[in-house]
Amino acid sequence: MDISGLIGRSPDRLSLVERRNFAGLWIALELYTPETLPLKRIEAAGRNVVECVKQLKSRGLDPLNFEFVALQS
């Protein structure tokens, strides 16, 4: 299962097949603030929050600016 294809995509635009294939994975979405008004797109994905945090930190992003949610099918 290649999760790299999730990065940069909106979770709302995942197909039903993708949602089934990636159900249970955790994703990181940037938190809304009046200063940033982020797009809702996946910035990290992994089997748990720790994997997401590692991915964000490796890209120089602060994990405190993200929410972590499990993808549902």
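- The shortest heavy-atom contact between R41 and L29 is O-CD2, 3.3 Å.
- Evaluation of the side chain to side chain contact (heavy atoms under 4.5 Å, CB included) rule for Q72 yields A70 as partners, not counting sequence neighbours.
- Listed by first and then second residue, the salt bridge (charged side-chain N to carboxylate O under 4.0 Å, His left out) pairs that reach into residues 48-58 come to none, sequence neighbours excluded.
- By the side chain to side chain donor-acceptor pair (under 3.5 Å) test, Q55 is found to be paired with no residue, residues two or more places apart in sequence or in another chain being considered.
- Grouped by direct or indirect side-chain proximity (heavy atoms under 4.5 Å, Ile/Leu/Val/Met/Phe/Trp/Tyr only), V17 sits alone.
- At distances below 3.5 Å, not a single donor-acceptor pair connects side-chain atoms of R59 with backbone N or O atoms of A44.
- If you take CD on E67 and CD on E30, they are separated by 10.5 Å, rounding to the nearest 0.5 Å.
- Considering only residues two or more places apart in sequence or on other chains, S73 meets the side chain to side chain donor-acceptor pair (under 3.5 Å) condition with none of them.
- Connectivity analysis of hydrophobic side chains (ILVMFWY, heavy atoms under 4.5 Å, direct or indirect) links L56 to W26, V49, V53, L61, F66, F68.
- Taking CD1 of I42 as the start and CG of L14 as the end, the distance is 5.0 Å to the nearest 0.5 Å.
- Remark: I7 CD1 to E43 CD distance equals 7.5 Å, nearest 0.5 Å.
- Applying the salt bridge (charged side-chain N to carboxylate O under 4.0 Å, His left out) definition to pairs two or more places apart or across chains, those involving residues 7-23 are R9-E18.
- Here the closest non-hydrogen pair linking L6 and A45 is CD1-CB, 4.0 Å.
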